[in-house]
Amino acid sequence: MDGYFNSRLHQQLREDVRHFAEREVRPRIAEMETARTVQHELSRLIARQGWIGATVSPAYGGMGVGHLGKTIIIEELSRVSGAMGAMVQASQLGVAKIVHFGSEEQKKCWLPAVSSGDCLPTIAVTEPESGGHVLGMAASAVRDGDDYVLNGRKVYVGNSHVGDLHGVILRTGPGSKGLSAFLVESDRPGFSLGEHREAMGLHGFSFGEVHFHNCRVPAANRLGDEGDGLAVAYSSSVLYGRANLTAVSLGIHQAILDETTRFCTERIRYGRPLYELPNIKIKLGQLKSRLMTARLVAYHAVHLLDQGLPCDAELMNAKVVNVESTLDSARNAMEIHAAAGLFTDRPIERYLRDAHHIFAPAGTSDVQLLRLAEVALGTAKGQWSQRLSELVRMEELAAAH
C-alpha cells in the first residue's frame with residue numbers, strides 16, 4: 001500500500017521505527033519474557049524518540065504525523081514486541097484527552113513534555129465492579145474550594161506503573177452528565193499504585209491498578225467542564241483506543257507471518273522444505289490473505305480519521321477484523337509449528353499470548369459487532385469521529401482569529 005496511503009514521510013518513519021525496534025527492543029525480549037517486570041528504562045527510551053507525540057501539533061513540540069503515522073509507529077514496535085507497542089499506544093490514549101479537551105494552559109504545560117518523552121500520560125476509566133460499563137463507575141471527585149478530593153480505584157490502566165500523568169474519569173454527580181475528567185500527577189499525596197501483577201502476555205507492559213485516597217487536585221487540573229467526562233472517555237476509546245489496538249494487532253500479525261514463513265523455509269520434511277506440502281502452503285496463503293485484508297481495513301480507517309471524516313464504523317470494523325484475524329492466524333501458525341511452537345525458544349507462542357491481550361480493551365469483538373449492527377439498523381447514536389473533527393475545526397478557527 002506504499003504510495004496509496006503512505007507518503008515518503010510515512011515510509012521513512014516506518015524504517016526509523018523498524019531499525020530502532022530491531023536494535024534496541026529485540027535484544028531485550030528474552031529478559032522481558034523471563035523477568036515479567038515493568039520495563040521502566042526501555043519505556044523511557046522509546047518515549048524519548050518523540051513517538052508518543054505522533055498526533056501532537058508541532059506547535060506543542062509534537063510530530064504532527066496524524067493517526068496513520070501513529071499506526072505505523074505502533075505497528076512496527078509491535079512487530080518486534082507487542083508489549084512495547086502496547087506501551088506506546090496506551091500513552092497515546094493519554095495524549096488524546098489533552099489534545100482534544102485540554103485548555104491552552106494545559107496543552108502548553110503538558111504536551112511539550114509528552115512529546116519529548118519526559119512525561120508518559122495514561123487514561124484511567126475502568127473500575128472493578130463496573131468493568132466496561134462507564135456509567136456504572138463509582139470513584140468520586142468532590143469539589144472542595146479550589147480543589148477536588150478524589151477517592152476510588154481504577155483497574156486495567158495501561159502504563160499504570162510507568163505513567164507520570166493519569167487522566168482519570170470520576171463521578172462528580174449523578175447520571176451521564178455526572179462524570180468529569182482530571183489530570184492527576186503520579187507524585188500527588190493520596191495517589192498510589194496497586195501491586196504489579198504478572199499476566200499471560202505482553203511481558204514488560206504494565207496495566208494495573210491506581211488508587212485514590214483523599215487525593216487532592218486543583219480545579220485547574222480538570223479537563224473541560226464538569227460533565228465532560230463521558231466525552232473524554234468515549235473519544236479516547238473510540239477514536240484512539242480502537243485504532244491503537246488495531247495497530248498492535250497488525251504488528252503482531254506481521255510477526256506471525258514472518259516467523260511462520262521462516263519456519264516453513266528452514267524446516268525440512270520428506271527431503272523438502274515444509275512449505276512445499278500443499279496443506280501448509282494453503283495455510284500460509286490464508287495468513288497472507290488475512291494480513292493484507294487487515295492492513296487495508298486498518299489504514300483505511302485511520303486515513304478517514306486523519307481527513308476529519310465520519311469513521312466510527314470503520315474504526316470498529318478495523319478492530320474486530322484485526323483482532324479476530326490475528327488470533328486466527330496465531331492459531332494456524334501454532335498448528336504449522338506443531339510441537340515446535342510450544343517451546344519458548346521460538347516466539348510463536350508469545351505472539352499467541354500477546355494477541356489475546358488485545359481482545360478486550362476498547363470493547364470486545366462482540367461489542368464492536370453490536371455497534372456495527374446499530375449502524376446497519378440506523379439506530380447508532382451519532383459519531384464521535386464527527387464530533388471531534390468539528391471540535392478541532394472550531395479550535396483552529398479560534399486560533400486563526
Side-chain angles (χ1 to χ4, degrees), residues 13-14 17 20-21 25 38-39 42-47 49-56 62-63 65-100 114-115 117 119-126 156-167 199 201-208 233 235-255 294-295 298-299 301-302 305-306 315-316 318-319 322-323 326 351 354-363:
L13 178 61
R14 184 184 299 280
V17 180
F20 174 92
V25 180
V38 180
Q39 289 292 306
L42 183 55
S43 297
R44 295 291 169 183
L45 178 62
I46 292 171
Q49 308 310 305
W51 296 328
I52 309 300
T55 60
V56 176
M63 296 179 71
V65 294
H67 291 275
L68 180 56
K70 171 170 61 72
T71 294
I72 290 169
I73 291 167
I74 299 169
E75 176 189 354
E76 286 300 325
L77 285 170
S78 300
R79 178 176 166 269
V80 172
S81 167
M84 291 302 98
M87 186 283 294
V88 170
Q89 78 82 22
S91 276
Q92 288 171 339
L93 284 180
V95 170
K97 62 187 183 298
I98 304 173
V99 168
H100 293 294
V114 167
S115 299
C119 173
L120 282 173
T122 78
I123 189 162
V125 179
T126 307
Y156 309 135
V157 179
N159 283 343
S160 54
H161 286 61
V162 298
D164 303 298
L165 183 69
H166 302 276
L202 297 184
H203 299 152
F205 173 60
S206 62
F207 56 108
S235 60
S236 293
S237 174
V238 172
L239 301 186
Y240 278 69
R242 288 170 181 166
N244 289 7
L245 292 160
T246 291
V248 176
S249 287
L250 193 55
I252 295 172
H253 203 163
Q254 181 67 61
R295 180 169 283 117
Y299 286 13
V302 292
L305 191 55
D306 278 335
L315 291 165
M316 296 171 203
K319 188 185 183 241
N322 272 268
V323 167
T326 301
Y351 301 149
D354 288 353
H356 277 284
H357 278 254
I358 314 304
F359 178 79

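FYI, the numbering just counts along the sequence from 1.
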*Among all residues two or more places apart in sequence or in another chain, which pass the side chain to side chain contact (heavy atoms under 4.5 Å, CB included) test with Thr55?*
His67, Lys70, Val95, Tyr240
Is it true that a side-chain atom of [X] and a backbone atom of [Y] form a donor plus acceptor pair closer than 3.5 Å?
X: Asn322; Y: Ser249; answer: no
X: Gln49; Y: Leu45; answer: yes
X: Lys97; Y: Gly94; answer: yes
X: Asp354; Y: Leu202; answer: yes
X: Ser237; Y: Ala233; answer: no
X: Ser91; Y: Pro121; answer: yes
X: Thr246; Y: Lys319; answer: yes
X: Ser115; Y: Gly53; answer: no

Between [X] and [Y], which heavy-atom pair has the shortest distance, and what is it?
X: Ala318; Y: Ala298; result: CB-CA, 4.2 Å
X: Gly69; Y: Leu13; result: O-CD2, 3.6 Å
X: Ala86; Y: Phe205; result: O-CE1, 3.6 Å
X: Pro361; Y: Leu245; result: O-CD1, 3.3 Å
X: Ser236; Y: Ala96; result: OG-CB, 4.0 Å
X: His166; Y: Gly163; result: NE2-O, 3.7 Å

*Looking at Ile74, Ile72, Ile73, which hits side-chain contact (heavy atoms from CB on, under 4.5 Å) with Trp51?*
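Among Ile74, Ile72, Ile73, the one meeting side-chain contact (heavy atoms from CB on, under 4.5 Å) with Trp51 is Ile73.
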*Taking Val248 as the fixed residue, which of Thr326, Ile358, Val323 is the one that meets the side-chain contact (heavy atoms from CB on, under 4.5 Å) rule?*
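Among Thr326, Ile358, Val323, the one meeting side-chain contact (heavy atoms from CB on, under 4.5 Å) with Val248 is Ile358.
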Distance in Å, [X] [atom1] paired with [Y] [atom2], rounded so as to fall on 0.5 Å steps:
X: Glu76; Y: Thr71; atom1: CD; atom2: OG1; result: 11.5 Å
X: Cys119; Y: Ile98; atom1: SG; atom2: CD1; result: 6.5 Å
X: Leu68; Y: Leu305; atom1: CG; atom2: CG; result: 10.5 Å
X: Gln39; Y: Arg44; atom1: CD; atom2: CZ; result: 13.0 Å
X: Ser43; Y: His161; atom1: OG; atom2: NE2; result: 12.5 Å

_Regarding Thr122 and Asn159, do their side chains bring together a donor and an acceptor under 3.5 Å, going by distance alone?_
no
Under 4.5 Å between any side-chain heavy atoms of [X] and [Y], yes or no?
X: Arg295; Y: Glu75; value: yes
X: Gln89; Y: Leu93; value: yes
X: Gln254; Y: Leu250; value: no

*asked:* Angle between ring planes, Phe207 versus Tyr156, binned at 30° and 60°: parallel, tilted or perpendicular?
replied: tilted
_Criterion side chain to side chain contact (heavy atoms under 4.5 Å, CB included) on Met63 and Val56, from CA distance to verdict_ = CA-CA 6 Å; Met63 296 179 71; Val56 176; over 6 Å; no
*Run the numbers on Val17 and Leu77 for side chain to side chain contact (heavy atoms under 4.5 Å, CB included), then give the verdict.*
CA-CA 7 Å; Val17 180; Leu77 285 170; 3.8 Å; yes
_My understanding is that only residues two or more places apart in sequence, or in another chain, count here; which of them pass salt bridge (charged side-chain N to carboxylate O under 4.0 Å, His left out) with Arg79?_
Glu22, Asp258
